[in-house]
Amino acid sequence: MTVSVNRRDFAKGLGGIVLAFTLDPALAQQQQPQQQRQQPLPGSLNGNRMLDAWIRINADGTATVFTGKVELGQGIVTALAQIAAEELDLPLARVTMIQGDTGRTPNEGVTSGSQSIENSGTALRLAAAEVVQIMRELAAPRLDAHAGELTVRDGVLHAVNGKSITYAELAATLDLKREATASARPKPAGTHKIVGQSVPRFDIPGKVTGKAMYVQDVRLPGMVHGRVVRPPQYGATLASLDDSKAKAIPGVIAVVRDGSFLGVVAEREEQAVKARDVLAEGAKWTPGPELPDPANLFAHLKSLPAKVEVIGVKQAPLLASAPKILEATYTKPYMAHASVGPSAAVAEFKDGKYTVWTHSQGVFPLRAELVKALKVPPASVHCIHAEGSGCYGHNGADDVALDAALLARAVPGKPVRLQWMRDDEFAWEPYGPAMAMHAKASLDGEGRIVDWNYELWSNSHSTRPQSTDGANVLAAWYMAEPQRMGAPTSPPQPAGGGDRNSVPLYDFPNQRVVHNFVQPMPIRVSALRTLGAYANVFALESFMDELALAAGADPVAFRLAHLKDPRGRAVIEKAVRMANWKAGEKGSLARGRGIGFAKYKNLACYCAVIANVEVDRASGRVRVTNAWSAADAGIVINPDGLTNQIEGGIIQSTSWTLHEEVKFDKHGILSRDWSNYPILTMPEVPKVEVALINRPDERALGAGEGSQGPAVAAIANAFADATGKRIRDLPFHPERVKAVLA
């Protein structure tokens, strides 16, 4: 697909997004420390206090709405538009959304952690309510009425005396260059007309009709193409280079070397690909350090120095010694993002300034990293979000943006489109960390858990830009003046990182959770969806089934006996009804069903999943045939969009659970293409049914990562139900299944 647009048209936005104005850069950035010392404001308003950073009422009565959160395929821009349109009392067609632009939008950090509705949605709801309140006060004297008596419908304010005035008539005198107060009360849920409706997502039509929707599709006048040559392994350095053959290839414009960073720019993409291969042949590398032996990975992980944190402690006197004590160890391998579209970016260096079109999840943190690596002031870097094909978690989006900028610096005035090759993506993206989890619990004579101990080992789940003590973009580590990687961090509880969802929601009188945060990282890792929650829910919910079996109890009844939270109980009971779960029903040798439950981060949405599996004992293949899920995410903004997220999480978790594992040896990463990193195929996708428990009077709870943990647990428990055997090591690939069954 080739789409020709000029820079002005692209800045307006592919897909019909029109920019209404350019925000003063000082207002597009997070506010200064003295402002943050003021009374805290809800959501993202606290760091972005100016109303005109969020909303503009245009001369024609339409609204332009700005968000620092970005579309990653999760439908967030549509949902945020619904929130803004609802509070502004405007039809959706009269609201234009602008997302993720360091020159135009508020700085909301990174779009991650299922927090967009909670943070950006809260900010937009309050900002829009306040804008309407200001317009009421502005309109009141012109309508000979009191502001509180005015009603608003479709962008028109009406007085009881029959007079009215439109947003368009107020726009010229409306001054939103003021700090938000969050004092205007949003609409009660019972009056909502747009929020709560399954509005078709803005981004879907273009995606299903082949429109240019992604950063990979960007085509600018005079654009050239780039490719990079990576070292053969982590830490290798470029010892020598013969680039003569590469430079002789027709169309090659420049060979770019900066220390051990190596790339090429050519007029056409296929020329750049060919030059990359030839350039790689002329490069000689000094080897980097060896990786750990994969056969002893988890022993190695546990042997490394760790920061030990004890969390989730409860202590109560034990009335009697417990007659049964169980313990088990579970593991999760390194997993890739495996984005379908390899990471890409377009960068232009012109008049001393960089413009970068990127599918980064955080354009402001990315800009900060580019500023450090390129050694330029912040005003010299402008990052504009363009959706990526297959982008979630911390994949290669930020890395490829620096790659493109380095190549653009070598060819001033020419936009450079750089797309990673498949082996770049697999071998160099940050992976979801490998993890080991050990659980131990005691049952009393009545089959209740009286003592719970849980310990986990994990690397960092967050090495995103922007680090305070280094650089977290790949090329910066290999340049002639390299920057070191920022120190690994672990987000604190209650959200957590590797320890996310390690504290059970169940009620145990005694419990102790230990997080061993292993800071040395032999393999590059960062945020993969759910961070540690996928592995922790797998272990915790698998162990709950093992304890239920030891207690002679039905798995659902066993969970409910240990759970007081009424909303948690409600989603389990709803899923049970959906799946027609029968207490005490046993699986066959080939078929079984299981349940998994969690409240994501113990802060966000509640989700229960019941899965049916079939096990081919001869081949070792496991198939998930059906999944039922009930979810409670508080007030539902877009039911269809929320359902999509729960469905997608279950399908992704099925792929992770049955197939996904990064292979490596002492000399480097072996998973460099789809044959070495298989994912779920279309025929393997289970039939999924989702029910939402809408609570319009409750705050919105993040749900984008709510179903992955319950889904893996449901699959693991269904496998045990079918076979009588328990797999505690992910993934459930055929060789592992056959070994367990044997």
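All values derive from a computational prediction rather than experimental measurement. In what follows, every heavy atom counts, from backbone to side chain, and hydrogens, waters and symmetry copies are set aside.
A distance-only check finds no donor-acceptor pair linking the side chain of Asn501 to the backbone of Val537 [under 3.5 Å]. Side-chain atoms of Asp424 come within 3.5 Å of backbone atoms of Met421 as a donor-acceptor pair (strictly under, hydrogens ignored). For the pair Glu71 (side chain) and Gln74 (backbone), a donor-acceptor distance under 3.5 Å is present. Using modelled atom types, one side-chain atom of Arg201 and one backbone atom of Gly73 make a donor-acceptor pair closer than 3.5 Å. Asn536 places a side-chain N or O within donor-acceptor distance of the main-chain N or O of Gly498, the cut-off being under 3.5 Å. Looking only at distances, no side-chain donor or acceptor of Arg464 sits under 3.5 Å from a matching main-chain atom of Val110. Between the side chain of Asn516 and the backbone N or O of Leu456, at least one donor-acceptor pair lies under 3.5 Å. Between the side chain of Ser462 and the backbone N or O of Ser490 there is no donor-acceptor pair closer than 3.5 Å. Checking side-chain atoms of Gln511 against main-chain N and O of Gly312 turns up a donor-acceptor pair under 3.5 Å. At distances below 3.5 Å, at least one donor-acceptor pair connects side-chain atoms of Lys332 with backbone N or O atoms of Pro433.
Screening residues 516-534 for salt bridge (charged side-chain N to carboxylate O under 4.0 Å, His left out) gives Asp399-Arg524 as the qualifying pairs, with residues at least two apart or on separate chains. Screening residues 666-685 for salt bridge (charged side-chain N to carboxylate O under 4.0 Å, His left out), with sequence neighbours left out, gives no hits. Among residues at least two apart or in separate chains, side chain to side chain donor-acceptor pair (under 3.5 Å) pairs with a member in residues 572-588 are Asp554-Trp581. Within the structure, every pair that satisfies the salt bridge (charged side-chain N to carboxylate O under 4.0 Å, His left out) test and touches residues 724-742, not counting sequence neighbours, is listed here: Glu546-Arg726, Glu546-Arg728. Listed by first and then second residue, the salt bridge (charged side-chain N to carboxylate O under 4.0 Å, His left out) pairs that reach into residues 605-632 are Arg567-Asp632, Arg591-Glu614, Asp632-Arg695, sequence neighbours excluded. Within the structure, ring pair (Phe, Tyr, Trp, His ring centres under 6.0 Å) pairs that include any residue of residues 701-731 comprise Phe719-Phe732 (at least two apart or interchain).
Between the side chains of Glu541 and Asn717, no donor-acceptor pair is found at a separation under 3.5 Å. Side-chain N/O atoms of Glu327 and His438 include a donor and acceptor closer than 3.5 Å.
Note: Asn510 CG to Ile449 CD1 = 12.0 Å, rounded to the nearest 0.5 Å. The line from CG of Asn694 to CD1 of Ile637 is 9.0 Å long, rounded to the nearest 0.5 Å. Expressed to the nearest 0.5 Å, how far OH of Tyr431 lies from CE of Met335 amounts to 13.0 Å. In this structure, the separation between CZ on Phe597 and CG on Asp565 is 6.5 Å, given to the nearest 0.5 Å. If you take CD1 on Ile523 and CG on Asn459, they are separated by 9.0 Å, rounding to the nearest 0.5 Å. Here CD of Gln216 is found 7.5 Å from OG of Ser343. Values are rounded to the nearest 0.5 Å.
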_Run Met437 and Phe543 through side-chain contact (heavy atoms from CB on, under 4.5 Å) and show every step you take._
CA-CA 11 Å; Met437 297 77 64; Phe543 198 50; over 6 Å; no
*Taking it one step at a time, do Thr78 and Ile204 satisfy side-chain contact (heavy atoms from CB on, under 4.5 Å)?*
CA-CA 10 Å; Thr78 305; Ile204 295 297; over 6 Å; no
*Dump the intermediate steps for side-chain contact (heavy atoms from CB on, under 4.5 Å) on Tyr534 and Leu528, then the final yes or no.*
CA-CA 10 Å; Tyr534 169 79; Leu528 181 65; over 6 Å; no
_Please determine whether side-chain contact (heavy atoms from CB on, under 4.5 Å) holds for the pair Leu291 and Asp665, giving the CA-CA distance in whole Å, both sets of side-chain angles, and the decisive distance to 0.1 Å._
CA-CA 7 Å; Leu291 297 180; Asp665 62 18; over 6 Å; no
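Partner of Thr654 under the side chain to side chain contact (heavy atoms under 4.5 Å, CB included) criterion, out of Val685, Val613, Leu680: Leu680 alone.
Side-chain contact between His659 and Ile679 is absent, with no heavy-atom pair separated by less than 4.5 Å. Arg559 has its side chain out of reach of Val556: every pair of non-hydrogen atoms, C-beta onward, lies at least 4.5 Å apart. Using a 4.5 Å heavy-atom threshold, the side chains of Trp628 and Asn612 count as touching. When side chains are defined from C-beta on, Ser502 does not count as touching Leu540, because their heavy atoms never get closer than 4.5 Å. Side-chain contact between Pro731 and Leu658 is absent, with no heavy-atom pair separated by less than 4.5 Å. With a 4.5 Å cut-off on side-chain heavy atoms, Leu443 and Leu547 count as touching. With contacts defined as side-chain heavy-atom distances shorter than 4.5 Å, the pair Leu72/Gln361 qualifies. In this structure the side chain of Leu692 reaches within 4.5 angstrom of the side chain of Thr643, judged on heavy atoms.
Partners of Pro488 according to the side-chain contact (heavy atoms from CB on, under 4.5 Å) rule, which considers only residues two or more places apart in sequence or in another chain, are Ser460, Phe517, Gln519, Met521. When the side chain to side chain donor-acceptor pair (under 3.5 Å) test is applied to Glu705, the partners found at least two apart in sequence or on another chain are Ser114, Tyr600. Under the salt bridge (Lys or Arg N to Asp or Glu O under 4.0 Å) criterion, Glu660 pairs with no residue at all, not counting sequence neighbours. Not counting sequence neighbours, the partners of Ala434 by the side-chain contact (heavy atoms from CB on, under 4.5 Å) test are Leu297, Phe298, Tyr334. A search for salt bridge (Lys or Arg N to Asp or Glu O under 4.0 Å) contacts involving Arg512 returns nothing, not counting sequence neighbours.
Within 6.0 Å of the NZ atom in Lys314, the count of heavy atoms belonging to other residues, nucleotides or ligands exceeds 12.
A tilted orientation is assigned to the rings of His337 and Tyr392, their planes being inclined by 30° to 60°. Taking the six-membered ring where tryptophan is involved, the planes of His562 and Phe558 are tilted, since the angle between them lies from 30° to 60°. Using cut-offs of 30° and 60° on the angle between ring planes, the pair Phe426 and Tyr677 is tilted.
Arg699 and Glu118 are joined by a salt bridge, as a carboxylate oxygen and a charged side-chain nitrogen come within less than 4.0 angstrom of each other.
Across all non-hydrogen atoms, the minimal contact from Cys605 to Gly706 is SG-CA, 3.7 Å. The minimum heavy-atom distance linking Ala703 with Ala633 is given by the pair CB-CB, 4.1 Å. For the pair Arg422 and Ser339, the tightest heavy-atom approach, listed with the atom from each and the gap, is NH1-O, 3.0 Å. Here the shortest heavy-atom pairing between Ile650 and Ala711 reads CA-CB, 4.1 Å.
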Quiz: residues 300-311 side-chain donor-acceptor pairs under 3.5 angstrom, not counting sequence neighbours:
| from | atom 1 | to | atom 2 | distance (Å) |
| --- | --- | --- | --- | --- |
| Ser303 | OG | His300 | O | 2.7 |

